[in-house]
Amino acid sequence: MAKRVLVLNGPNLNLLGIREPGIYGSKTLKDIEALCRESASELGLTVDFRQSNHEGELVTWIQDARATADAILINPAAYSHTSLAIADALKAVGLPVAEVHLSNIHQREPFRHHSFVSAVAVGVLCGFGALGYKLALQALAEKL
Ligand code: DQA
């Protein structure tokens, strides 16, 4: 059976395309979803692609992934830098996690340099724009 990857996107990523394109690029979240679906089918994976502006909703989806996914790809957006709840949920679920950021968070403001999620991720990709999602799916496919 095809391995299932839950792809989660945090707050404000629904605005991609119009949100600070100099930092995040011109691709919309729909474009990134299409890229993920295309990559997943090449890799023999299925993807469940979601976005939420709500921390609790993301935590619930992560908890539910115990029964519905084999791995999680997450761009936690601003919650990367603030949310112990998301990091704890990822740790509790115990699935392999790939963390993705469109921008290189280490080249930006100091408050973006730390991510609570990184400690529970198998690996982190940042700075490659939408390509990071594709690379992370490849890495998870290898891992699975
Ligand atoms: C982001 C980086 C975060 O610092 C920021 O809050 C985001 C997007 C990225 O994809 O580059 O919303 O995760």
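Quantities reported herein were computed from a predicted structural model and do not represent experimental measurements. Read the numbers this way: they start at 1 and go in the same order the structure lists the ligands and their atoms.
- Annotation: Phe111 is not in aromatic contact with His113 [ring centroid separation under 6.0 Å not met].
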Return a table of N or O atom pairs, ligand 1 on one side and protein on the other, at distances under 3.5 Å, rounded to 0.1 Å.
residue: ligand 1; atom: 4 (O); partner: His81; partner atom: NE2; Å: 2.7
residue: ligand 1; atom: 4 (O); partner: Arg112; partner atom: NH1; Å: 2.9
residue: ligand 1; atom: 6 (O); partner: Ala78; partner atom: N; Å: 3.2
residue: ligand 1; atom: 6 (O); partner: Arg112; partner atom: NH1; Å: 3.1
residue: ligand 1; atom: 10 (O); partner: Asn75; partner atom: ND2; Å: 2.9
residue: ligand 1; atom: 10 (O); partner: Leu102; partner atom: N; Å: 2.8
residue: ligand 1; atom: 11 (O); partner: Leu102; partner atom: N; Å: 3.2
residue: ligand 1; atom: 11 (O); partner: Ser103; partner atom: N; Å: 2.9
residue: ligand 1; atom: 11 (O); partner: Ser103; partner atom: OG; Å: 2.6
residue: ligand 1; atom: 12 (O); partner: Arg19; partner atom: NH1; Å: 3.1
residue: ligand 1; atom: 12 (O); partner: Arg19; partner atom: NH2; Å: 3.0
residue: ligand 1; atom: 13 (O); partner: Asn75; partner atom: OD1; Å: 2.9
residue: ligand 1; atom: 13 (O); partner: His101; partner atom: ND1; Å: 2.8

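- Counting only residues at least two apart or on different chains, no ring-ring contact (aromatic ring centres under 6.0 Å, His included) pair has a member in residues 57-97.
- Residues satisfying the side-chain hydrogen bond (donor to acceptor under 3.5 Å, both in side chains) criterion with Asp88, sequence neighbours excluded, are absent altogether.
- The stretch residues 23-36 participates, sequence neighbours left out, in these salt bridge (charged side-chain N to carboxylate O under 4.0 Å, His left out) pairs: Lys30-Glu33, Glu33-Arg37.
- Residues Glu99 and Ser115 have side chains that bring a donor and an acceptor to within less than 3.5 angstrom of each other.
- In this structure, Asp48 pairs ionically with Arg50, as a charged nitrogen and a carboxylate oxygen lie closer than 4.0 Å.
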